[in-house]
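The structure under discussion appears below in the form of structure tokens.
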2 protein chains.
Amino acid sequence: MHRVAASRLAAVGQRYTPGRRMLIDTLQAAGRPLTIPEIIETTGGLPQSSAYRTMAVLTQAGVVRRVVAADEFARFELAEDLSTHHHHLLCTGCGVVADFELPSKLEDQLEAAFEAAATQHHFGSVQHRVDLVGLCTACTNTAAR
Amino acid sequence: MHRVAASRLAAVGQRYTPGRRMLIDTLQAAGRPLTIPEIIETTGGLPQSSAYRTMAVLTQAGVVRRVVAADEFARFELAEDLSTHHHHLLCTGCGVVADFELPSKLEDQLEAAFEAAATQHHFGSVQHRVDLVGLCTACTNTAAR
DNA sequence: ATGAGTGCAAAGGCTTTGCATTAGG
DNA sequence: CCTAATGCAAAGCCTTTGCACTCAT
């Protein structure tokens with residue numbers, strides 16, 4: 001994985017520094033999209049600007065994907081080809097993000113339908129974003145106050 | 001439609017004022033999600049705070065849905081039960097949003113799969129968000145500079 | 001008259017950026 | 001050595017909020 005990351009960074013004229021490598025490890029270890037505050041906490045006090053800047057570089061290099069959750073903070077996760085294709089369950093209450101997958105057959109059908117829609121609307125280089133938005137258990141209970 | 005809007009606003013203790021009615025008309029006339037700047041321009045100089053505040057009220061009342069596009073601005077559209085169920089094509093270049101629909105059969109299968117995933121993760125009151133992210137024709141050409 | 005809605009201006013909060021310092025080729 | 005990366009601090013930008021005014025009941 002680090003090999004891929006290094007080559008992708010090189011492809012956009014960026015180095016693979018220890019700091020960047022560490023953040024990639026952090027994301028992989030988390031196994032779910034992390035916010036900048038979470039990243040800072042996990043790494044034990046990384047400066048905000050470094051966190052934002054590194055995520056920007058990694059996103060641009062295609063190593064990391066930026067996930068837009070409900071509102072609040074953006075979240076970052078490893079690019080899909082460095083992990084697995086999956087989707088997100090977003091809690092509108094607390095913002096937590098969980099991963100889930102779809103049956104591969106359904107995934108294939110979706111892909112075909114998306115391809116058709118993109119072609120029809122003259123959109124290129126399309127990725128799909130299939131998320132569920134709702135309330136997690138904790139927030140459901142809270143909302144029932 | 002205005003009847004529904006009025007009753008939903010009433011349900012959350014809000015009035016259906018001319019200003020709010022006008023913004024709903026604006027959204028319906030647009031037929032696609034609009035940003036606050038677009039709304040201001042379309043209405044000919046509505047104050048920002050009124051635009052944001054009215055959208056917040058309408059969103060809370062379930063008359064309007066907030067669409068999180070690529071980055072940039074949030075966009076607002078009529079709630080699905082006041083228009084039709086559809087999905088979005090988001091351009092990462094210029095932020096423009098187009099609508100598209102999926103075959104109803106596929107939509108049904110998706111719904112079932114989502115229901116299963118939500119149950120498994122103990123998420124409640126789930127809505128799905130199926131979007132395509134890519135580059136529109138104009139931005140594809142621009143990117144090829 | 002009384003309370004909600006609106007407008008203006010200022011504040012808030014996530015994110016980005018300028019500049020000096022440090023590390024890497 | 002010289003360019004790129006990092007850290008700190010300040011600025012930016014979308015959005016929200018305080019306060020006074022207006023309108024509808």
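The chains referred to below are lettered A, B, ... by the order of the sequence lines, with proteins before strands, and numbering in each begins at 1.
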So, is [X] near the phosphate of [N], with a side-chain N or O under 4.0 Å from OP1 or OP2?
X       : N      : result
A:Ser49 : D:dC8  : no
B:Tyr52 : D:dT16 : no
A:Arg20 : D:dT6  : yes
B:Gln14 : C:dG5  : yes
A:Thr17 : D:dT6  : yes

Would you call [X] and [Y] a side-chain contact if the rule is heavy atoms closer than 4.5 Å?
X       : Y       : answer
B:Phe76 : B:Ile36 : yes
A:Arg32 : A:Glu38 : yes
B:Met1  : B:Leu78 : yes
B:Ile24 : B:Arg21 : no

Between [X] ([atom1]) and [N] ([atom2]), how many Å, whole number?
X       : N      : atom1 : atom2 : value
A:Arg53 : C:dT15 : CZ    : C1'   : 11 Å
A:Met55 : D:dA5  : CE    : C1'   : 15 Å
A:Arg15 : D:dC2  : CZ    : P     : 15 Å
A:Arg75 : C:dC14 : CZ    : C1'   : 14 Å
A:Ile39 : C:dC14 : CD1   : P     : 15 Å
A:Phe76 : C:dT16 : CZ    : C1'   : 12 Å
A:Phe73 : C:dT16 : CZ    : C1'   : 15 Å
A:Ile40 : D:dT6  : CD1   : C1'   : 14 Å

Report task. Find which nucleotide of DNA chain C each of A:Pro37 and B:Gly13 is nearest to by heavy atoms, and output the residue with the more 5' nucleotide. Result -> B:Gly13
Report summary line: Judged by nearest nucleotide, the residue sitting upstream toward the 5' end of DNA chain D, A:Gln48 or A:Thr54, is A:Thr54
Query raised in the report: Do the ring planes of A:His87 and A:Phe100 sit parallel (below 30°), tilted (30 to 60°) or perpendicular (above 60°)?
Result: tilted
